[in-house]
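Encoded as structure tokens, the structure appears first; notes follow it.
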There are 2 protein chains.
Amino acid sequence: MAKADKINFSTPSGFPEFLPGEKRLEVYLLDTIRRVFESYGFTPIETPAVERLEVLQAKGNQGDNIIYGIDPILPPNRQAEKDKAGETGSEARALKFDQTVPLAAYIARHLNELTFPFARYQMDVVFRGERAKDGRFRQFRQCDIDVVARRELSLLYDAQMPAIITEIFEAVNIGDFLIRINNRKILTGFFQSVGITENQIKSCIGIIDTLEKVGENKVKQHLEKEGILAEQTQKIIDFIKIDGNVDEVLDKLKHLAQNLPEAEQFSLGVTELETVITGVRNLGVADNRFCIDLAIARGLDYYTGTVYETTLLGHEALGSICSGGRYEELVGTFLGEKMPGVGISIGLTRLISRLLKAGILSTLPATPAQVMVVNLQEDLMPIYLKVSQNLRQAGINVITSFDKRALGKQFQLADKQGIQFCVIIGSEEAAAQKSSLKDLKTGEQVEVGLANLAEEVKQRLQLS
Amino acid sequence: MAKADKINFSTPSGFPEFLPGEKRLEVYLLDTIRRVFESYGFTPIETPAVERLEVLQAKGNQGDNIIYGIDPILPPNRQAEKDKAGETGSEARALKFDQTVPLAAYIARHLNELTFPFARYQMDVVFRGERAKDGRFRQFRQCDIDVVARRELSLLYDAQMPAIITEIFEAVNIGDFLIRINNRKILTGFFQSVGITENQIKSCIGIIDTLEKVGENKVKQHLEKEGILAEQTQKIIDFIKIDGNVDEVLDKLKHLAQNLPEAEQFSLGVTELETVITGVRNLGVADNRFCIDLAIARGLDYYTGTVYETTLLGHEALGSICSGGRYEELVGTFLGEKMPGVGISIGLTRLISRLLKAGILSTLPATPAQVMVVNLQEDLMPIYLKVSQNLRQAGINVITSFDKRALGKQFQLADKQGIQFCVIIGSEEAAAQKSSLKDLKTGEQVEVGLANLAEEVKQRLQLS
């Protein structure tokens, strides 16, 4: 067979792929995340990878994302088909770079077929033409939930988000984490109170958001550059550094609300925050899982209320592993409606790659098979097939070994893939309707009647 | 809020999307298919949506697929970044049009990290720049399994495929189906025996493959056009129309094998087919689920042995709902190795769209929530939240109603989304630690203690 030897068959830069054990970890995480999302009634949607370019570019403020356009490649003799198929330039299309703009388009497309509040999850891959750097991919999977209303959206939806984050990260067992909660109105309200103009507030929030990354001195410099007075800067720094447990911070905020000038926006933010915190507690989230962090701003323009970040304790350098917030004008874009929403996002591909590198997560075995029925005697194959099917019917994943290989080699092959159990049946066992069950982890080998085999394997799988 | 009213926010032609109830059906089918795939030890992989163009174009014989190239769209002032980011034309990239070429590339990329026989499943979306017609999409999801070996691959892998197809379609309950099995060597062997030249065999197979679609007369005409003699054509037609139960057809084939001239290839095919059929039976597939159909050819060039198609009985016009076969030279392309493999594919997006249209499948409820805890009194919200969490911890999907709406309106909202149960708690119930459980399907309402609520709901969900 001729080798296509001039072809570079590596993945394009920034488009990585997982080995089976890594992909199985992703599948496990997706299943876990989905289970939690669905337990709160979020329903799945998936929008096409491809949207009209004008749709993707509708929100000007997200123009920093480099978008991939798509265009059919036709051999010269088939160019005519391009027009026939409606593949003309007038209908420019591109790959989606996030799941928020497509959500807005989805809601506009199906407004009358959806029920509001509309709570959806979406776990598609998205594409960004960014420079491929360590941990930055051009294709990656995000797990997003958003709940969107046509008029008002209760703050209790905001309160559910930390409960959902907690359940997910507790289920996947990645160690201690802390959900940091803030409210944009508190920040903008405070800025207003210390005399910062409306024009400056946006950039101030952007600067505050970089505090953890660049440090206090840089933040001061950047605020100064924006024309903020030294006195104002000091007030801001002192403010966002307010700490203590949740009740202490809430008390300080309420006290401030009574003393700040023009504190309407600020007070509204404090009330919202308190309502959210009460909800979070009523949902049973333990106090050590969340805090109020007044320095959490979220860089994105569109947040208008509650904002969240999640830090993996002891691994702060990883940055936020789940973030989000409340917005007013995001998903109604195509309808010209205000549609309040609140959502969170887990950048799963990046998270897996970083947690694997940091040794916080491990890959799964390369195969879902839990049992290998080995091939000891070719003439017993009908029995091997039957035993395999019986195990499968009991919910066990089984590989039947079809190749003629030495027994040791078959054990090796099973072990290499992470299969824990081998079922060995020779003529004697077959005649006596029994089998030898070998645990490759412990080396233990026991005799089990074929009638009890599935039960025995299931019990041993539960124990291990 | 200004409406972006000049934007056409519809999906691009050929890139459809599902409503929640349809997407939930897809998720259910994907889960079912995955469960069966994994029970046979197939492991998940996912290759990037984007590959180097030269990789996608490596197999010349698949050049009929119109490929979508991708290219970053940058505003004029940022064109410089395109080169910086390695986004140059020399690295032309495009969207994958199937999962077979990417599988070949994946194996080449990870040869030493994989265990062979390598049994993988892949359920990604693929892209084809085809003219969008009824039931033809430009983006669609395929569910593929293939098992690939580096040297020899037992025919029992071929035998597993009908067992897998049977389990999947029995599980999703779409009515009676028939897996039609053939072997390419039988066809090519027969063609050789009746004196058809090697050059003509490929197109003959292509023509035979269209029998069901175009009818016997057209097939005769097309064979004649290829230069096949009338006498040969008649022999071919008589041959592919051989029918009877599996054993009768096998007997006829074995009889023919002894009488045909130059029947080496033919005999090999018959032996292979018999081995596969024996395996299928040993795997417990019922005789009414499969047959030998000598007219099944599969149009694609690369099949060399067993081929399969699956027909939904009573809905033959839908075409094959699961097809595949054995090949020798497909996945070793980039390595210059012969790597025998066998695989099947379910074109899921198309299948769902057609089965929904034909009324064979129904959409699922629009939400995964099974229970709505209604909002009767705002001050009881802490109890509603706690009850909701208790239900969730028992594995039940719950929406807590946060909005202040009339009770009837809340029931309506639950019913519209397909939520079966509402939990109603007023002050009296709260004080007595009980609730009213209303079944929206039957209208029945019963009093249940809060301590037993989860158990009661679970039992009723199992019954319904």
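A quick note: this is a predicted structure, and the numbers were derived from the prediction, not measured. Each chain gets a letter, A, B and so on, in the order its sequence line appears, and its residues count up from 1.
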Original post:
By a 4.5 Å heavy-atom criterion (distance strictly below it), what part of B/Pro102 contacts chain A: side chain, backbone, both, or neither?
Top reply: neither
Subject >> From A/Lys386 atom NZ to B/Asn282 atom CG, the distance as rounded to the nearest 0.5 Å >> reply: 10.0 Å
Original post:
Of all of B/Met381, B/Gln160, B/Glu167, which one pairs up most often with chain A through heavy atoms under 4.5 Å apart?
Top reply: B/Gln160
**OP:** Please identify each residue that fulfils ring pair (Phe, Tyr, Trp, His ring centres under 6.0 Å) with A/Phe402, with sequence neighbours left out.
**Re:** B/Tyr157
Original post:
Is any side-chain N of the basic residue among B/Arg151 and A/Asp403 closer than 4.0 Å to the acidic one's carboxylate O?
Top reply: no
**OP:** May I ask you to test the B/Arg35-A/Asn397 pair for a side-chain heavy-atom distance under 4.5 Å?
**Re:** no
Subject >> Spacing of OG1 belonging to A/Thr43 relative to CD belonging to B/Gln417, to within rounding of 0.5 Å >> reply: 8.5 Å
Original post:
Any donor-acceptor pair under 3.5 Å linking the side chain of B/Arg52 with the backbone of A/Ser10?
Top reply: yes
**OP:** Could you tell me which of A/Ala49, A/Ala94, A/Gly284 has the largest number of non-hydrogen atom pairs under 4.5 Å with chain B?
**Re:** A/Ala49
**OP:** Name all residues meeting the side-chain hydrogen bond (donor to acceptor under 3.5 Å, both in side chains) criterion together with A/Asp124; count only those two or more places apart in sequence or in a different chain, and write none if there are none.
**Re:** A/Lys96, A/Gln122
**OP:** Decide yes or no for A/Pro20 and B/His110: does some side-chain heavy atom of the first lie under 4.5 Å from some side-chain heavy atom of the second?
**Re:** no
Subject >> Cation-pi geometry met for B/Arg392 and A/Tyr40 (6.0 Å, 45°) >> reply: yes
Subject >> A/Arg141/B/Glu46 ion pair, N-O < 4.0 Å >> reply: yes
**OP:** Identify which part of B/Ala163 has an atom lying under 4.5 Å from any heavy atom of chain A, answering side chain, backbone, both or neither.
**Re:** side chain
**OP:** Sort out for me which of B/Leu155, B/Ile45, B/Leu283, B/Ile419 touches chain A most, counting heavy-atom pairs under 4.5 Å.
**Re:** B/Leu283
Original post:
Given side chains that start at C-beta, do those of B/Arg109 and A/Glu17 come closer than 4.5 Å, heavy atoms only?
Top reply: yes
Subject >> Spacing of CZ belonging to B/Phe42 relative to CD1 belonging to A/Ile399, to within rounding of 0.5 Å >> reply: 8.5 Å
**OP:** I would like to know whether A/Thr333 and B/Ile7 meet side-chain contact (heavy atoms from CB on, under 4.5 Å); could you show each step before the answer?
**Re:** CA-CA 10 Å; A/Thr333 306; B/Ile7 295 176; 5.9 Å; no
